[in-house]
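The chains referred to below are lettered A, B, ... by the order of the sequence lines, with proteins before strands, and numbering in each begins at 1. Treat the numbers as computed from the prediction; the structure is a model and nothing was measured.
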Amino acid sequence: MLHIPCPYCGPRDETEFHYGSEAHVAYPENSGNLTDEEWAKFVFIRSNPKGWMAERWVHSAGCRRWFNVWRNTINHQFGPSYKPFSQQPKSPA
Amino acid sequence: MATTTRRRTVELPDHPDFLWVADQKPKKSYDVIIIGAGGHGLATAYYLAKNHGITNVAVIEKGWLAGGNMGRNTTIIRSNYLWDESTGIYDHSLKLWENLEEEVGYEMFFSQRGVMTLAHSVSDVRSKQRNFYANHVNAVDSVWLTPQEVKEIAPIVNISEDIRYPVMGATFQPRGGIAKHDWVAWGYAKAAADMGVDIIQNCEVTGFKIVDGKVQGIKTTQGDIAADKVGMVAAGHTSVLASMAGFDVPLQSRPLQALVSELNEQVLDTVVMSGAVHVYVSQAHKGELVMGAGTDSYNSYAQRGGFHVIEHQLAAACELFPIFERAHMLRTWGGIVDIAPDASPIIGLTPVENLFINSGWGTGGFKATPGSGWVMAATIASGEPDALAKPYALDRFTSGHLIDEHGAAGVAH
């Protein structure tokens with residue numbers, strides 16, 4: 001089981017959290033003028049890196065807040081976690 | 001407990017080292033290179049040779065043959081899907097399974113012992129019955145079972161009304177079943193190698209040679225290999241390959257775990273699945289109970305997952321099958337599955353000319369091995385999507401023609 005570093009509560013068991021996939025996927029600014037290809041990219045394409053990934057989790061059974069964290073998809077090692085809208089720490093890679 | 005046992009005694013197949021050249025080195029060039037010597041990649045090579053006469057083919061594998069999901073799945077075979085597109089490819093696959101051992105001349109322990117999918121709530125019953133009627137419309141064998149009929153087919157299932165998620169009915173596909181997964185891979189590998197296909201293990205792809213938007217070969221840890229056409233059949237690592245080739249795929253790689261028990265007496269001679277309580281079980285010929293459940297929630301390439309996922313599925317298994325409570329689990333493992341947004345595969349052309357994709361089989365690819373190889377071989381040979389593969393094109397995420405099997409398949413896709 002992952003031990004996930006919540007930036008509000010500290011490290012807690014994975015079963016207290018839900019996964020939110022890739023972080024920093026912003027809603028398109030000119031959404032009225034997007035082509036089908038651009039919509040497909042926004043709706044369906046997410047990066048799927050082998051290595052460090054910035055991702056979202058929500059501490060559902062804890063503080064109930066969303067946050068972002070760096071995690072390595074090769075070995076499940078965690079990097080720094082950080083609050084939404086805060087400066088993103090550099091990739092630990 | 002009086003259940004019928006269907007044991008078979010057969011000669012063990014030849015040791016796999018002698019079924020194909022174990023230390024095959026790559027030639028300078030091939031007509032077709034298939035990336036990935038799992039079931040789908042080997043089946044693709046086999047049908048390229050057999051159906052299309054293309055034998056100057058290499059199957060490139062970064063690890064060992066069938067060492068990825070082909071050697072890690074729970075071997076369930078069925079074709080009772082909801083949508084027409086799914087029925088098309090999965091039932092074609094099941095028909096190929098029915099003659100496969102004779103065709104390739106290799107024992108695979110293919111056993112049509114039936115696949116039962118339990119319903120545990122009113123809405124579950126409605127959606128399973130919808131599926132059952134859809135199967136009838138598509139001429140796929142399907143039977144609706146009452147709880148009492150569930151008990152007649154699988155006496156060890158607990159149909160008491162006093163459990164947390166009582167059994168309220170089930171769909172049953174008699175033609176479904178299981179096969180011995182590594183023998184399937186070996187059978188395809190042997191038959192393909194006999195027709196001249198090179199199987200190159202311990203050879204990892206590190207890049208593509210693409211000139212003017214057209215693939216001309218691959219770069220590997222064993223040097224550059226030229227090819228007229230390349231097929232990516234790499235399951236969980238498809239995103240990694242696609243990024244080397246310079247295009248995006250709507251796939252996420254997740255761990256999917258499975259487990260086996262010690263050898264037990266034969267107590268279950270069918271396959272029982274329950275999407276609602278998250279477990280599926282069959283009993284292998286030797287006697288081990290083989291179980292699986294849903295994926296872990298996060299992206300990973302680590303081929304392992306959390307033990308709480310195993311605990312969850314064992315809790316469900318013990319409630320549904322009280323006889324399992326004293327069984328000992330022998331081992332658990334994980335594989336990395338590539339999941340598309342609509343939980344259906346992505347097969348066909350890519351933005352790079354002569355580079356083809358076969359991916360996104362997610363948690364349910366084993367059953368599709370023959371059908372997947374068949375349509376992939378036809379697509380590569382002609383350069384146009386095979387009729388059964390056409391709905392699974394990469395551009396469906398732009399056109400919106402998704403094949404949404406999530407709800408229909410539940411956890412046990």
Side-chain angles (χ1 to χ4, degrees), chain A residues 1-6 11-25 28 33-62 66-79 81 91-93, chain B residues 62 204-206 234-244 247-255 257 294-312 334 336-344 346 351 359-360 362 393-402 404:
Chain A
M1 186 183 301
L2 303 180
H3 220 45
I4 301 173
C6 173
R12 294 286 190 278
D13 282 347
E14 178 191 340
T15 44
E16 295 184 12
F17 297 83
H18 282 98
Y19 191 54
S21 294
E22 185 181 8
H24 308 293
V25 180
N33 303 317
L34 293 195
T35 63
D36 287 353
E37 286 74 18
E38 286 166 332
W39 271 122
K41 198 169 170 61
F42 168 67
V43 175
F44 295 122
I45 302 287
R46 293 292 178 271
S47 72
N48 187 21
K50 187 175 182 179
W52 288 101
M53 174 176 182
E55 61 189 15
R56 304 167 75 221
W57 290 85
V58 58
H59 195 180
S60 326
W66 284 94
F67 61 92
N68 302 328
V69 63
W70 282 103
R71 187 178 57 90
N72 192 325
T73 61
I74 297 170
N75 56 16
H76 299 173
Q77 187 191 340
F78 278 95
S81 63
S91 164
Chain B
K62 79 179 159 79
E204 184 168 358
V205 173
T206 55
H237 276 73
T238 302
S239 298
V240 176
L241 285 176
S243 69
M244 287 177 195
F247 63 93
D248 292 325
V249 284
L251 293 169
Q252 298 282 285
S253 296
R254 299 264 159 88
Q257 300 184 76
T295 59
D296 283 64
S297 66
Y298 46 82
N299 288 27
S300 172
Y301 290 86
Q303 292 187 314
R304 59 188 154 84
F307 194 71
H308 62 283
V309 176
I310 301 284
E311 276 185 306
H312 186 66
I336 297 303
V337 298
D338 49 331
I339 302 177
D342 56 358
S344 286
I346 298 170
S359 65
L394 187 54
D395 67 11
R396 74 175 184 273
F397 299 96
T398 304
S399 69
H401 291 121
L402 303 188
D404 190 357

J.: Using a 4.5 angstrom heavy-atom cutoff, name the option from Ile74(A), Ile45(A), Asp36(A), Val43(A) with the most pairs to chain B.
T.: Ile45(A)
J.: Is the side chain of Ser253(B) donor-acceptor paired with the backbone N or O of Gly236(B) at a distance under 3.5 Å, no angle test?
T.: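 Yes, because the side chain of Ser253(B) sits within donor-acceptor range (under 3.5 Å) of the backbone of Gly236(B).
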J.: Where on Leu402(B) is there a heavy atom nearer than 4.5 Å to chain A: the side chain, the backbone, both, or neither?
T.: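 Interface part for Leu402(B): side chain.
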J.: Output the option from Gly306(B), Ser399(B), Pro341(B) having the highest count of non-hydrogen pairs under 4.5 Å with chain A.
T.: Pro341(B)
J.: Between Gln252(B), Arg304(B), Gln303(B), His237(B), which has the largest tally of heavy atom pairs under 4.5 Å with chain A?
T.: Gln252(B)
J.: Which of parallel (below 30°), tilted (30 to 60°) and perpendicular (above 60°) describes Tyr298(B) and Trp57(A)?
T.: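 Taking Trp57(A) first and then Tyr298(B), their aromatic rings sit tilted (interplane angle of 30° to 60°).
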J.: Between Phe78(A) and His3(A), is any pair of side-chain heavy atoms under 4.5 Å apart?
T.: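 They are not in contact (no side-chain heavy atoms under 4.5 Å apart), so the answer is no.
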J.: So what's closer than 4.5 Å to chain B heavy atoms on Ser47(A): side chain, backbone, both or neither?
T.: backbone
J.: Do Ser239(B) and Asp338(B) have side-chain heavy atoms sitting under 4.5 Å apart?
T.: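 Answer no - side chains too far apart.
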J.: Taking Glu22(A), Glu38(A), Met53(A) one by one, which has the highest count of heavy-atom pairs under 4.5 Å against chain B?
T.: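 Heavy-atom pair counts peak at Met53(A).
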J.: Heavy-atom pairs under 4.5 Å with chain B are the metric here; pick the option from Arg71(A), Arg46(A), His18(A) that has the most.
T.: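 Heavy-atom pairs under 4.5 Å are most numerous for Arg71(A).
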J.: Taking it one step at a time, do Thr398(B) and Trp39(A) satisfy side-chain contact (heavy atoms from CB on, under 4.5 Å)?
T.: CA-CA 8 Å; Thr398(B) 304; Trp39(A) 271 122; over 6 Å; no
J.: Is there a side-chain contact between Phe67(A) and Pro5(A) (heavy atoms, below 4.5 Å)?
T.: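 No. Closest side-chain heavy atoms not under 4.5 Å.
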J.: Looking at chain B, which one of Thr15(A), Leu2(A), Asn72(A), Asn75(A) has the largest number of heavy-atom pairs inside 4.5 Å, strictly under?
T.: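 If we count pairs closer than 4.5 Å to chain B, Leu2(A) comes out on top.
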J.: For Arg396(B), is it the side chain, the backbone, both or neither that has a heavy atom under 4.5 Å from a heavy atom of chain A?
T.: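 No part of Arg396(B) comes within 4.5 Å of chain A.
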J.: Please classify the contact between Glu14(A) and chain B as side chain, backbone, both or neither, with a heavy-atom cut-off of under 4.5 Å.
T.: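 Side chain of Glu14(A) only, per the 4.5 Å heavy-atom cut-off to chain B.
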J.: Spell out, as yes or no, whether a donor-acceptor pair under 3.5 Å connects the side chain of Arg12(A) to the backbone of Ile4(A).
T.: no
J.: Between Asn299(B) and Thr73(A), is any side-chain donor less than 3.5 angstrom from a side-chain acceptor?
T.: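 The criterion, which ignores hydrogens and geometry beyond distance, is not satisfied for Thr73(A) and Asn299(B).
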J.: Identify which part of Val309(B) has an atom lying under 4.5 Å from any heavy atom of chain A, answering side chain, backbone, both or neither.
T.: neither
